[in-house]
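What follows is a set of notes on a single structure, which appears directly below.
Source: prediction; values computed, not measured.
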Amino acid sequence: MSLTVISSVYAICSDAAGVAGNILAFVLFLSPIPTFRRIVRNGSTEQFSGMPYIYALLNCLICLWYGIPIVSPGIILVATVNSIGAAFQLVYILIFIAYAERRMKLKMFGFMVSVFAVFASIVFVSLKFLDSPTRQLFVGYLSVASLISMFASPLLIINLVIKMRSVEYMPFSLSLATFLMSLAFCVYGMLKRDPFIYVPNGIGTVLGTVQLALYAYFKRASQEELRHPLMDP
(Lines give C-alpha, C1' and ligand atoms only; values in the text may rest on other atoms or scores of the structure.)
Protein backbone atom coordinates (compact mmCIF):
# COMPACT_ATOMS: atom_id res chain seq x y z
CA MET A 1 0.00 0.00 0.00
CA SER A 2 2.80 2.42 0.89
CA LEU A 3 4.50 1.80 -2.46
CA THR A 4 1.24 2.66 -4.24
CA VAL A 5 0.95 5.93 -2.32
CA ILE A 6 4.58 6.83 -3.04
CA SER A 7 4.07 6.01 -6.71
CA SER A 8 0.94 8.20 -6.83
CA VAL A 9 2.70 11.12 -5.14
CA TYR A 10 5.64 10.71 -7.52
CA ALA A 11 3.33 10.80 -10.54
CA ILE A 12 1.47 13.85 -9.20
CA CYS A 13 4.75 15.71 -8.60
CA SER A 14 6.08 14.97 -12.09
CA ASP A 15 2.78 16.01 -13.71
CA ALA A 16 2.68 19.17 -11.59
CA ALA A 17 6.20 20.10 -12.72
CA GLY A 18 5.22 19.47 -16.35
CA VAL A 19 2.03 21.54 -16.09
CA ALA A 20 3.96 24.38 -14.41
CA GLY A 21 6.50 24.25 -17.25
CA ASN A 22 3.67 24.44 -19.80
CA ILE A 23 2.13 27.50 -18.11
CA LEU A 24 5.46 29.33 -17.83
CA ALA A 25 6.34 28.49 -21.43
CA PHE A 26 3.00 29.96 -22.52
CA VAL A 27 4.01 33.22 -20.82
CA LEU A 28 7.27 33.20 -22.79
CA PHE A 29 5.45 32.48 -26.05
CA LEU A 30 3.43 35.66 -25.48
CA SER A 31 6.53 37.84 -24.93
CA PRO A 32 7.06 38.81 -28.63
CA ILE A 33 3.53 40.26 -28.89
CA PRO A 34 4.64 43.88 -28.21
CA THR A 35 7.19 43.59 -31.04
CA PHE A 36 4.56 42.36 -33.49
CA ARG A 37 2.05 44.96 -32.38
CA ARG A 38 4.66 47.55 -33.33
CA ILE A 39 5.27 45.84 -36.70
CA VAL A 40 1.54 45.79 -37.49
CA ARG A 41 1.05 49.37 -36.28
CA ASN A 42 3.95 50.69 -38.39
CA GLY A 43 3.25 48.41 -41.34
CA SER A 44 6.92 47.41 -41.48
CA THR A 45 9.32 44.92 -39.90
CA GLU A 46 11.86 47.79 -39.61
CA GLN A 47 15.20 46.42 -38.37
CA PHE A 48 13.71 43.42 -36.56
CA SER A 49 15.01 39.97 -37.50
CA GLY A 50 12.71 37.06 -38.18
CA MET A 51 15.40 34.41 -37.68
CA PRO A 52 14.79 33.87 -33.93
CA TYR A 53 11.26 32.72 -34.79
CA ILE A 54 12.56 30.40 -37.51
CA TYR A 55 14.97 28.78 -35.05
CA ALA A 56 12.26 28.61 -32.38
CA LEU A 57 9.83 26.95 -34.81
CA LEU A 58 12.35 24.24 -35.70
CA ASN A 59 13.16 23.71 -32.02
CA CYS A 60 9.48 23.40 -31.08
CA LEU A 61 8.77 20.95 -33.91
CA ILE A 62 11.71 18.68 -33.01
CA CYS A 63 10.81 18.72 -29.30
CA LEU A 64 7.14 18.17 -30.18
CA TRP A 65 8.10 15.06 -32.13
CA TYR A 66 10.24 13.85 -29.23
CA GLY A 67 7.27 14.17 -26.85
CA ILE A 68 4.87 12.19 -29.06
CA PRO A 69 4.15 8.72 -27.54
CA ILE A 70 5.34 6.89 -30.68
CA VAL A 71 8.80 8.33 -29.96
CA SER A 72 8.83 8.80 -26.16
CA PRO A 73 5.94 7.30 -24.18
CA GLY A 74 4.90 9.00 -20.94
CA ILE A 75 6.04 12.58 -21.55
CA ILE A 76 3.02 14.01 -23.37
CA LEU A 77 3.44 17.36 -21.56
CA VAL A 78 6.57 17.93 -23.66
CA ALA A 79 4.45 17.48 -26.78
CA THR A 80 1.68 19.82 -25.57
CA VAL A 81 3.98 22.72 -24.72
CA ASN A 82 5.88 22.46 -27.99
CA SER A 83 2.73 22.14 -30.10
CA ILE A 84 1.53 25.44 -28.61
CA GLY A 85 4.99 26.93 -29.12
CA ALA A 86 5.12 25.84 -32.76
CA ALA A 87 1.70 27.42 -33.39
CA PHE A 88 2.84 30.73 -31.87
CA GLN A 89 6.10 30.78 -33.83
CA LEU A 90 4.29 30.00 -37.09
CA VAL A 91 1.87 32.90 -36.50
CA TYR A 92 4.78 35.25 -35.72
CA ILE A 93 6.60 34.18 -38.90
CA LEU A 94 3.50 34.66 -41.07
CA ILE A 95 2.96 38.15 -39.64
CA PHE A 96 6.64 38.95 -40.24
CA ILE A 97 6.35 37.77 -43.86
CA ALA A 98 3.18 39.81 -44.37
CA TYR A 99 4.88 43.08 -43.35
CA ALA A 100 8.40 42.45 -44.65
CA GLU A 101 9.84 43.90 -47.85
CA ARG A 102 9.56 41.69 -50.95
CA ARG A 103 13.12 40.37 -50.78
CA MET A 104 12.77 39.55 -47.09
CA LYS A 105 9.35 37.95 -47.70
CA LEU A 106 10.89 35.48 -50.14
CA LYS A 107 13.85 34.82 -47.84
CA MET A 108 11.67 34.19 -44.77
CA PHE A 109 9.23 32.04 -46.75
CA GLY A 110 12.16 29.96 -47.97
CA PHE A 111 13.42 29.49 -44.42
CA MET A 112 9.95 28.51 -43.21
CA VAL A 113 9.58 25.90 -45.97
CA SER A 114 13.08 24.61 -45.15
CA VAL A 115 12.11 24.16 -41.50
CA PHE A 116 9.12 22.03 -42.41
CA ALA A 117 11.22 20.08 -44.92
CA VAL A 118 13.85 19.32 -42.25
CA PHE A 119 11.14 18.33 -39.77
CA ALA A 120 9.43 16.08 -42.34
CA SER A 121 12.81 14.41 -43.05
CA ILE A 122 13.36 13.78 -39.34
CA VAL A 123 9.90 12.22 -38.99
CA PHE A 124 10.38 10.09 -42.11
CA VAL A 125 13.81 8.78 -41.12
CA SER A 126 12.81 8.07 -37.52
CA LEU A 127 9.67 6.14 -38.55
CA LYS A 128 11.00 4.38 -41.65
CA PHE A 129 14.50 3.30 -40.64
CA LEU A 130 14.69 3.22 -36.83
CA ASP A 131 13.23 0.90 -34.22
CA SER A 132 11.60 2.34 -31.11
CA PRO A 133 14.65 2.63 -28.77
CA THR A 134 16.91 3.97 -31.54
CA ARG A 135 14.18 6.39 -32.64
CA GLN A 136 14.00 7.88 -29.15
CA LEU A 137 17.78 8.28 -29.01
CA PHE A 138 17.93 9.83 -32.49
CA VAL A 139 15.18 12.39 -31.88
CA GLY A 140 16.38 12.93 -28.29
CA TYR A 141 19.88 13.94 -29.36
CA LEU A 142 18.42 16.25 -32.02
CA SER A 143 16.15 17.89 -29.43
CA VAL A 144 19.07 18.43 -27.04
CA ALA A 145 21.19 19.95 -29.83
CA SER A 146 18.28 22.19 -30.82
CA LEU A 147 17.62 23.32 -27.24
CA ILE A 148 21.29 24.01 -26.54
CA SER A 149 21.51 26.10 -29.74
CA MET A 150 18.67 28.22 -28.35
CA PHE A 151 20.91 29.16 -25.40
CA ALA A 152 22.84 31.51 -27.70
CA SER A 153 20.22 34.18 -26.99
CA PRO A 154 20.55 34.25 -23.16
CA LEU A 155 24.34 34.07 -23.49
CA LEU A 156 24.31 37.13 -25.75
CA ILE A 157 22.07 38.95 -23.27
CA ILE A 158 24.37 38.05 -20.37
CA ASN A 159 27.36 39.32 -22.35
CA LEU A 160 25.50 42.55 -23.20
CA VAL A 161 24.54 43.16 -19.55
CA ILE A 162 28.14 42.68 -18.37
CA LYS A 163 29.50 44.84 -21.18
CA MET A 164 27.05 47.72 -20.65
CA ARG A 165 26.75 47.22 -16.88
CA SER A 166 23.02 47.74 -17.30
CA VAL A 167 19.93 45.51 -17.16
CA GLU A 168 17.99 47.72 -19.58
CA TYR A 169 17.87 44.99 -22.24
CA MET A 170 17.14 42.13 -19.83
CA PRO A 171 13.57 42.45 -18.48
CA PHE A 172 13.27 40.91 -15.03
CA SER A 173 9.87 39.26 -15.72
CA LEU A 174 11.20 37.52 -18.84
CA SER A 175 14.37 36.34 -17.07
CA LEU A 176 12.33 35.03 -14.13
CA ALA A 177 9.85 33.21 -16.37
CA THR A 178 12.71 31.63 -18.34
CA PHE A 179 14.41 30.48 -15.14
CA LEU A 180 11.21 29.02 -13.65
CA MET A 181 10.25 27.27 -16.89
CA SER A 182 13.70 25.68 -17.23
CA LEU A 183 13.62 24.64 -13.57
CA ALA A 184 10.13 23.12 -13.91
CA PHE A 185 11.11 21.05 -16.95
CA CYS A 186 14.43 20.10 -15.36
CA VAL A 187 12.50 18.68 -12.38
CA TYR A 188 9.99 17.06 -14.77
CA GLY A 189 12.83 15.43 -16.71
CA MET A 190 14.53 14.15 -13.54
CA LEU A 191 11.27 12.69 -12.22
CA LYS A 192 10.70 11.05 -15.61
CA ARG A 193 14.36 9.91 -15.62
CA ASP A 194 14.84 11.43 -19.05
CA PRO A 195 18.26 13.06 -19.62
CA PHE A 196 17.09 14.50 -22.94
CA ILE A 197 14.77 16.73 -20.91
CA TYR A 198 16.68 17.47 -17.71
CA VAL A 199 20.15 18.07 -19.21
CA PRO A 200 19.27 20.98 -21.55
CA ASN A 201 16.79 22.43 -19.07
CA GLY A 202 19.39 22.09 -16.32
CA ILE A 203 21.70 24.23 -18.46
CA GLY A 204 18.81 26.66 -18.97
CA THR A 205 18.27 26.80 -15.20
CA VAL A 206 21.94 27.67 -14.63
CA LEU A 207 21.82 30.42 -17.28
CA GLY A 208 18.57 31.71 -15.79
CA THR A 209 20.20 31.84 -12.34
CA VAL A 210 23.12 33.82 -13.80
CA GLN A 211 20.70 36.26 -15.44
CA LEU A 212 18.80 36.82 -12.19
CA ALA A 213 22.05 37.24 -10.23
CA LEU A 214 23.30 39.79 -12.77
CA TYR A 215 19.97 41.60 -12.64
CA ALA A 216 20.15 41.84 -8.83
CA TYR A 217 23.79 42.98 -8.91
CA PHE A 218 23.52 45.66 -11.59
CA LYS A 219 20.11 46.85 -10.42
CA ARG A 220 21.53 47.40 -6.94
CA ALA A 221 24.62 49.07 -8.42
CA SER A 222 22.50 51.49 -10.47
CA GLN A 223 20.38 52.32 -7.41
CA GLU A 224 23.55 53.02 -5.44
CA GLU A 225 24.74 55.38 -8.18
CA LEU A 226 21.42 57.22 -8.06
CA ARG A 227 21.62 57.44 -4.28
CA HIS A 228 25.25 58.62 -4.30
CA PRO A 229 25.79 60.42 -7.63
CA LEU A 230 29.33 61.13 -8.65
CA MET A 231 30.38 64.70 -7.91
CA ASP A 232 32.70 66.63 -10.17
CA PRO A 233 35.98 67.60 -8.39
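- Grouping the Ile, Leu, Val, Met, Phe, Trp and Tyr side chains by contacts below 4.5 angstrom, directly or via other members, places Leu24 apart from Leu147.
- Listed by first then second residue, pairs satisfying salt bridge (Lys or Arg N to Asp or Glu O under 4.0 Å) with a partner in residues 41-66 read Arg38-Glu46, not counting sequence neighbours.
- A donor-acceptor pair under 3.5 Å is absent between the side-chain atoms of Arg135 and the main chain of Val71, judged by distance alone.
- Looking at Tyr92, its side chain does come within 3.5 Å of a backbone N or O of Phe29 through a donor-acceptor pair.
- A donor-acceptor pair under 3.5 Å is absent between the side-chain atoms of Asn59 and the main chain of Tyr55, judged by distance alone.
- A donor-acceptor contact shorter than 3.5 Å links the side chain of Asp131 to the backbone of Thr134.
- Linking ILVMFWY residues whenever their side-chain heavy atoms come closer than 4.5 Å, directly or via other members, leaves Val27 and Ile33 in distinct clusters.
- Here the straight-line distance linking atom OG of Ser72 with atom CD of Gln136 works out to 3.5 Å at 0.5 Å rounding.
- Aromatic rings from Phe36 and Tyr53 are positioned such that their centres are separated by under 6.0 Å.
- Under the 3.5 Å distance criterion, the side-chain polar atoms of Ser14 are matched with a main-chain donor or acceptor of Ala11.
- Listed for the Asp194 side chain is no donor-acceptor partner under 3.5 Å among the backbone atoms of Met190.
- Among the candidates Val113, Ile97, Leu94, the single residue satisfying the side chain to side chain contact (heavy atoms under 4.5 Å, CB included) test with Met108 is Ile97.
- Looking at Ile75, Leu142, Asn82 one by one, the single match for side chain to side chain contact (heavy atoms under 4.5 Å, CB included) with Tyr66 turns out to be Ile75.
- Side-chain contact between Met112 and Leu90: present, with at least one pair of heavy atoms (C-beta onward) separated by less than 4.5 Å.
- Following chains of ILVMFWY side-chain contacts shorter than 4.5 Å, one cannot reach Tyr99 starting from Leu106, and the two form parts of different hydrophobic clusters.
- Cluster annotation: Phe129 and Tyr141 are assigned to the same hydrophobic cluster (Ile/Leu/Val/Met/Phe/Trp/Tyr, side-chain heavy-atom contacts under 4.5 Å, transitive).
- Although no hydrogens or angles enter the test, the distance criterion places a donor-acceptor pair under 3.5 Å between the side chain of Asn22 and the main chain of Leu77.
- In this structure, Thr205 contributes its side chain and Leu183 its backbone to a donor-acceptor pair below 3.5 Å.
- Checked by atom type, the side-chain pair Ser143/Trp65 shows no donor-acceptor distance below 3.5 Å.
- Note: Phe26 and Phe88 meet the aromatic proximity criterion, with ring centroids under 6.0 Å apart.
- Between atom CZ of residue Phe179 and atom OG1 of residue Thr209 there is a gap of 4.0 Å, rounded to the nearest 0.5 Å.
- Between the side chain of Lys192 and the backbone N or O of Gly74 there is at least one donor-acceptor pair closer than 3.5 Å.
- Formation of a donor-acceptor pair under 3.5 Å by the Lys105 side chain with backbone atoms of Ala98 is found in this model.
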